[in-house]
Amino acid sequence: MDNLIRPYIYEIGKALGNLGYELCQQANAPEPLNIHGQVKQIVDKLYYNLHNLSADLDTYRFDLIKNGEREDISQKDIETLTVAMRHLLHSSPDTHNGERTTLAGELHKLDYIVSSIYRLMAHGAIGRQEYLFDKITEHE
C-alpha cells in the first residue's frame, strides 16, 4: 500500500507553490494587486487536503488500535509531520523587544491593520488614533 501522507503533502506543497508563484508575479507587476481570488482558491485546496489527510490518518489510527502494527506509514514520516505541525501551530519567534508572536497572531494582527486601513481610506483618517505594532527583527 502506498504511503497515504505523501499525496496530501504533495498537493499542499503544490498549492502553496502556486500561490507563491502568483504572489511573486503580482508583486512584480505594475498593476494593482488582485490576490484575493487566488488566496481563496488555495485556502480551499488547503482545507480540502488537510481535512482528508486528517480523515485518512484517523482511519489509520483506528486500524492501528484495532489491529496492531501497520507498515504503510513510517514512524519517521509521523515524527516529521508531528514536528511540522508543532512549528505551524506553536512556533513563536521573538519580536525586537523580546515578546513572542505566533503565525495565527500575526495573521490576526494583519487582518486588524488591513481592515483599519480600509476603514480609514473609506471614512477618513484625519484625527483618528490607531495602535502601532512593532516590527520583528531577524535572529540568526
Side-chain angles (χ1 to χ4, degrees):
M1 179 181 219
D2 289 335
N3 183 315
L4 64 93
I5 295 174
R6 291 175 185 263
Y8 293 111
I9 298 301
Y10 176 84
E11 289 300 324
I12 290 167
K14 182 177 161 187
L16 291 172
N18 290 343
L19 179 61
Y21 176 80
E22 183 62 33
L23 294 177
C24 288
Q25 292 300 310
Q26 288 204 26
N28 288 324
E31 295 86 18
L33 292 175
N34 186 17
I35 61 174
H36 60 279
Q38 290 84 357
V39 170
K40 172 70 169 114
Q41 182 181 20
I42 298 311
V43 167
D44 288 347
K45 287 180 182 179
L46 290 174
Y47 282 134
Y48 172 84
N49 284 289
L50 289 171
H51 178 84
N52 288 339
L53 174 59
S54 293
D56 281 352
L57 285 174
D58 196 37
T59 299
Y60 180 90
R61 182 181 64 88
F62 181 77
D63 289 347
L64 194 60
I65 291 168
K66 189 171 87 175
N67 301 322
E69 258 186 66
R70 284 185 55 171
E71 296 180 11
D72 46 337
I73 299 177
S74 75
Q75 185 172 347
K76 191 73 169 168
D77 284 349
I78 293 296
E79 287 173 2
T80 195
L81 192 56
T82 299
V83 174
M85 294 307 302
R86 287 185 181 147
H87 286 312
L88 281 170
L89 294 171
H90 306 293
S91 287
S92 56
D94 290 329
T95 62
H96 77 283
N97 58 3
E99 293 180 10
R100 307 296 272 172
T101 187
T102 63
L103 180 59
E106 291 302 316
L107 288 171
H108 283 292
K109 183 173 26 176
L110 185 60
D111 179 46
Y112 167 80
I113 292 168
V114 171
S115 295
S116 177
I117 290 170
Y118 186 74
R119 280 191 318 275
L120 292 170
M121 290 174 123
H123 302 293
I126 306 274
R128 299 205 182 217
Q129 292 185 341
E130 293 284 334
Y131 178 79
L132 294 177
F133 291 99
D134 297 325
K135 287 188 174 182
I136 294 175
T137 57
E138 292 186 32
H139 284 16
E140 295 284 326

Original post:
Can you check whether K40 reaches V43 side chain to side chain, under 4.5 Å on heavy atoms?
Top reply: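 No, side chains not in contact.
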
**OP:** Would you mind reporting whether L23 and Q38 have side-chain heavy atoms less than 4.5 Å apart?
**Re:**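 Counting from C-beta outward, Q38 and L23 never come under 4.5 Å.
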
Original post:
Got a donor-acceptor contact below 3.5 angstrom from the S116 side chain to the Y112 backbone?
Top reply: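 Answer holds: no.
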
**OP:** In sequence, state the C-alpha distance, the side-chain angles, and the governing distance for Y60 and L64, and then conclude on side chain to side chain contact (heavy atoms under 4.5 Å, CB included).
**Re:** CA-CA 6 Å; Y60 180 90; L64 194 60; 4.1 Å; yes

Original post:
Residues in salt bridge (charged side-chain N to carboxylate O under 4.0 Å, His left out) with D111, at least two apart?
Top reply: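 D111 satisfies salt bridge (charged side-chain N to carboxylate O under 4.0 Å, His left out) with no residue once adjacent residues are dropped.
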
**OP:** For D63, check salt bridge (charged side-chain N to carboxylate O under 4.0 Å, His left out) against everything at least two apart and list the hits.
**Re:**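 Testing D63 for salt bridge (charged side-chain N to carboxylate O under 4.0 Å, His left out), a comparison that skips the adjacent residues, returns R70.
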
Who passes side chain to side chain donor-acceptor pair (under 3.5 Å) against [X], sequence neighbours left out?
{"X": "N34", "answer": "H36"}
{"X": "E31", "answer": "none"}
{"X": "K76", "answer": "none"}
{"X": "H87", "answer": "S91"}

Spacing of [atom1] belonging to [X] relative to [atom2] belonging to [Y], to within rounding of 0.5 Å:
{"X": "I42", "Y": "N18", "atom1": "CD1", "atom2": "CG", "value": "5.5 Å"}
{"X": "T82", "Y": "M85", "atom1": "OG1", "atom2": "CE", "value": "9.0 Å"}
{"X": "C24", "Y": "N28", "atom1": "SG", "atom2": "CG", "value": "7.0 Å"}
{"X": "N52", "Y": "L57", "atom1": "CG", "atom2": "CG", "value": "11.0 Å"}
{"X": "I9", "Y": "K14", "atom1": "CD1", "atom2": "NZ", "value": "15.0 Å"}
{"X": "R6", "Y": "I73", "atom1": "CZ", "atom2": "CD1", "value": "10.5 Å"}

Please give me the minimum heavy-atom distance between [X] and [Y], naming the atom from each residue.
{"X": "D56", "Y": "Y8", "answer": "OD2-OH, 2.6 Å"}
{"X": "L4", "Y": "P7", "answer": "O-CD, 3.7 Å"}
{"X": "I35", "Y": "Q26", "answer": "CG2-OE1, 3.4 Å"}
{"X": "I12", "Y": "N49", "answer": "CG1-CB, 3.8 Å"}
{"X": "D77", "Y": "T80", "answer": "O-CG2, 3.2 Å"}

Subject >> Joint hydrophobic cluster, L16 plus Y21, side-chain heavy atoms closer than 4.5 Å >> reply: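 No; tracing contacts between hydrophobic side chains, which count when under 4.5 Å, never links both residues.
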
Original post:
Any chance CD of Q75 has more than 12 other-residue heavy atoms, nucleotides or ligands included, within less than 6.0 Å?
Top reply: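 Result for CD/Q75: open.
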
